[in-house]
Protein chains: 2
Amino acid sequence: MLKLSKKVEYGLIAIRHMASIESITTAKEISEHYKLPFDLLAKVMQKLSKNKIIASHQGIHGGYKLAKSADSISIMDIIQTIEGHIPGIVQCIDEGLEKCSIHQNCTIRNPLHKIQENLESVFNNLKVSELV
Amino acid sequence: MLKLSKKVEYGLIAIRHMASIESITTAKEISEHYKLPFDLLAKVMQKLSKNKIIASHQGIHGGYKLAKSADSISIMDIIQTIEGHIPGIVQCIDEGLEKCSIHQNCTIRNPLHKIQENLESVFNNLKVSELV
DNA sequence: AAACTAACGGACTTAAATAGTCGTATTATA
DNA sequence: TATAATACGACTATTTAAGTCCGTTAGTTT
């Protein structure tokens, strides 16, 4: 619980790697350098590419590089891209109050919502350029 | 990912409930009031009891109540009690650097550690008395 | 034009974590 | 002594995450 997924972890590593070099790089290169499972990493990078966080180039000397500056990419951008949405720390925040079995009687939603906001602001404010 | 477990959620609800009433209450009462699975809730309350966060009384008119004041119980206390340890957002923070496949080449551990600390301080500083 | 190598993408399998259940023992009280 | 509560271990089911496999598409180079 309260863990980042491996996909997000791999995404962060890949982005961090691309931020540290100028030239184009490939999924294979990164997977070998950091010993990450190629297929999974490749998919993560494809998602990052679809969301224009990194730019892809197909073909024999293709690969990826950052599509924008490292200080304009937040950790939140990466999480959101890979997970599809900003995860909520509890279901009623994640999927809405309706799906909550407790509903009216729930006494913890408001305070948890504040924790959620705090967490989100941390991820929003931390940029790839600060990943050092 | 980045979710609190149901056990922690149920624990928070139970603690919050006990903080709002003076008298002794039971796992059955809470499970019915909030429609939570009895067995699971009961186990959570047993853990809270073993860690002296709540006090238990067996026997026919037994039950639980807070063992200390609501402003001296942090959310972190509850999470730690129920989960056994403070969870880390990534494995190398949770279980130590040795178990990390990336090791030397890891470039994201330090920044993630800062996020971790931030998260922990939020949970540390939020007390049960503020669960409103 | 053919061969090569990289990204692209869907379907699938495996593994791990979480959630929930069941059975039984213990303990205090009316 | 019957009852109603906690205590606790073992088990099952469910869900989520992680990883794999297969084929396709697209630029490059020879």
Side-chain angles (χ1 to χ4, degrees), chain A residues 1-11 13-14 18 23-32 35-65 67 79 82-85 87-91 94-95 99 101, chain B residues 1-11 13-14 18 23-32 35-65 67 79 82-85 87-91 94-95 99 101:
Chain A
M1 84 157 215
L2 284 178
K3 272 199 166 59
L4 293 175
S5 67
K6 292 287 177 191
K7 285 195 277 190
V8 168
E9 201 176 323
Y10 299 161
I13 291 169
M18 287 182 272
S23 55
I24 200 167
T25 186
T26 67
K28 187 155 177 278
E29 222 171 85
I30 293 176
S31 85
E32 284 173 355
K35 300 193 178 63
L36 307 180
F38 172 79
D39 286 305
L40 196 51
L41 174 67
K43 285 226 176 104
V44 165
M45 294 181 79
Q46 283 160 32
K47 274 198 175 172
L48 291 169
S49 160
K50 278 193 84 171
N51 272 47
K52 305 284 171 59
I53 292 173
I54 62 181
S56 75
H57 297 280
Q58 281 190 310
I60 197 164
H61 281 141
Y64 297 99
K65 58 169 135 180
I79 293 177
I82 294 172
E83 296 295 326
H85 70 300
I89 58 170
V90 287
Q91 191 189 27
D94 204 46
E95 301 172 13
K99 295 204 175 178
S101 60
Chain B
M1 83 158 216
L2 284 179
K3 270 199 168 62
L4 292 175
S5 67
K6 291 287 178 191
K7 284 196 278 190
V8 168
E9 200 176 325
Y10 298 161
I13 291 168
M18 288 182 272
S23 56
I24 201 167
T25 185
T26 66
K28 186 155 178 279
E29 223 172 85
I30 294 176
S31 86
E32 282 172 357
K35 300 192 179 64
L36 308 180
F38 171 79
D39 287 305
L40 196 51
L41 173 68
K43 284 225 178 111
V44 165
M45 295 182 80
Q46 283 159 30
K47 275 197 177 175
L48 291 169
S49 161
K50 279 193 81 171
N51 272 46
K52 307 282 172 56
I53 291 172
I54 63 181
S56 75
H57 296 280
Q58 280 190 310
I60 197 162
H61 280 142
Y64 299 97
K65 58 168 133 180
I79 293 177
I82 295 172
E83 296 295 326
H85 70 300
I89 57 170
V90 286
Q91 190 188 28
D94 205 44
E95 303 173 11
K99 296 206 174 176
S101 61

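Given the structure is predicted, the values throughout are model-derived calculations rather than measurements. Letters A, B, ... are given to chains in the order of the sequence lines, protein chains preceding strands, and every chain is numbered from 1.
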Enquirer: Could you work out which one of dA7(D), dT29(D), dC21(D) sits closest to the side chain of D39(A)?
Expert: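 Selected nucleotide (nearest to the side chain): dC21(D).
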Enquirer: What's the verdict on side-chain contact (heavy atoms from CB on, under 4.5 Å) for H85(B) and D94(B), showing C-alpha distance, side-chain angles and the deciding distance?
Expert: CA-CA 9 Å; H85(B) 70 300; D94(B) 205 44; 3.4 Å; yes
Enquirer: Rounded to the nearest 0.5 Å, what separates atom CD1 in I24(A) from atom OG in S56(A)?
Expert: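 Result: 8.5 Å between the selected atoms.
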Enquirer: Indicate the atoms forming the closest heavy-atom contact of L2(A) with I89(A), along with that distance.
Expert: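 That closest heavy-atom pairing would be CD2-CG2, 4.4 Å.
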Enquirer: Rounded to whole angstrom units, what separation is found between the CD atom of E83(A) and the C1' atom of dA17(D)?
Expert: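 Going from CD in E83(A) over to C1' in dA17(D) covers 9 Å.
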Enquirer: What is the distance from OH of Y64(B) to P of dA4(D), rounded to the nearest Å?
Expert: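 Rounded to whole Å, this separation is 17 Å.
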Enquirer: Find the distance between NZ (K6(B)) and CD1 (I82(B)) and round it off to the nearest 0.5 Å.
Expert: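 Between atom NZ of K6(B) and atom CD1 of I82(B) there are 13.5 Å.
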Enquirer: Rounded to whole Å, how long is the line connecting atom NE2 of H85(A) with atom P of dT16(D)?
Expert: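 Roughly 11 Å, once rounded to whole Å.
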Enquirer: Judged by each residue's nearest nucleotide on DNA chain D, which is more toward the 5′ side, Q58(A) or P37(A)?
Expert: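 Nearest nucleotide further toward 5': that of P37(A).
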Enquirer: Please step through side-chain contact (heavy atoms from CB on, under 4.5 Å) for the pair L4(B) and E9(B), ending with a clear verdict.
Expert: CA-CA 7 Å; L4(B) 292 175; E9(B) 200 176 325; 5.5 Å; no
Enquirer: Rounding to an integer number of Å, can you tell me how far F38(A) CZ sits from dG19(D) C1'?
Expert: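 Between C1' of dG19(D) and CZ of F38(A): 13 Å.
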Enquirer: With sequence neighbours excluded, what pairs up with E83(B) under the side chain to side chain contact (heavy atoms under 4.5 Å, CB included) test?
Expert: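 Per chain and number, E83(B) pairs via side chain to side chain contact (heavy atoms under 4.5 Å, CB included) with M1(A), S5(B), V8(B), I79(B).
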Enquirer: Residues from residues 41-50 of chain A sitting under 4.0 Å of DNA chain D, heavy atoms only?
Expert: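 Contacts with DNA chain D under 4.0 Å: K43(A).
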Enquirer: What's the NZ-C1' distance between K3(B) and dT15(D), to the nearest Å?
Expert: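 Answer to the nearest Å: 11 Å.
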Enquirer: What's the CG-P distance between L40(B) and dT14(D), to the nearest Å?
Expert: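 Distance check: L40(B) CG to dT14(D) P gives 16 Å.
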Enquirer: Can you tell me the distance, in whole Å, between the NZ atom of K6(A) and the P atom of dT20(D)?
Expert: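 In whole Å, dT20(D) P lies 13 Å from K6(A) NZ.
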Enquirer: Do Q46(B) and Y64(B) have side chains that approach each other closer than 4.5 Å (heavy atoms only, starting at C-beta)?
Expert: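 When only atoms from C-beta onward are counted, Y64(B) and Q46(B) do touch, with a gap below 4.5 Å.
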Enquirer: What are the two closest non-hydrogen atoms of A55(A) and A67(A), and how far apart are they?
Expert: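 The pair with the smallest heavy-atom distance is N-CB, 3.8 Å.
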Enquirer: Report the distance from atom NE2 of H57(B) to atom C1' of dA7(D), rounded to the nearest whole Å.
Expert: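 After rounding, the reported distance stands at 15 Å.
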Enquirer: Drop me the distance from F38(A)'s CZ to T26(A)'s OG1, to the nearest 0.5 angstrom.
Expert: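 Those atoms lie 7.5 Å apart.
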Enquirer: Check every nucleotide of DNA chain C for an atom under 4.0 Å from a heavy-atom of chain A, then give the first and the last such nucleotide from 5' to 3'.
Expert: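 Boundary nucleotides touching chain A, in 5' to 3' order, are dC4(C) to dT18(C).
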Enquirer: Give a yes/no answer on whether the side chain of S56(B) brings an N or O atom under 4.0 Å of OP1 or OP2 in dA5(D).
Expert: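 No, S56(B) has no side-chain N/O under 4.0 Å of OP1/OP2 on dA5(D).
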Enquirer: When you measure from the side chain of Y10(A), which nucleotide among dG19(D), dT29(D), dA5(D) comes out closest?
Expert: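 From the listed options, dG19(D) comes nearest.
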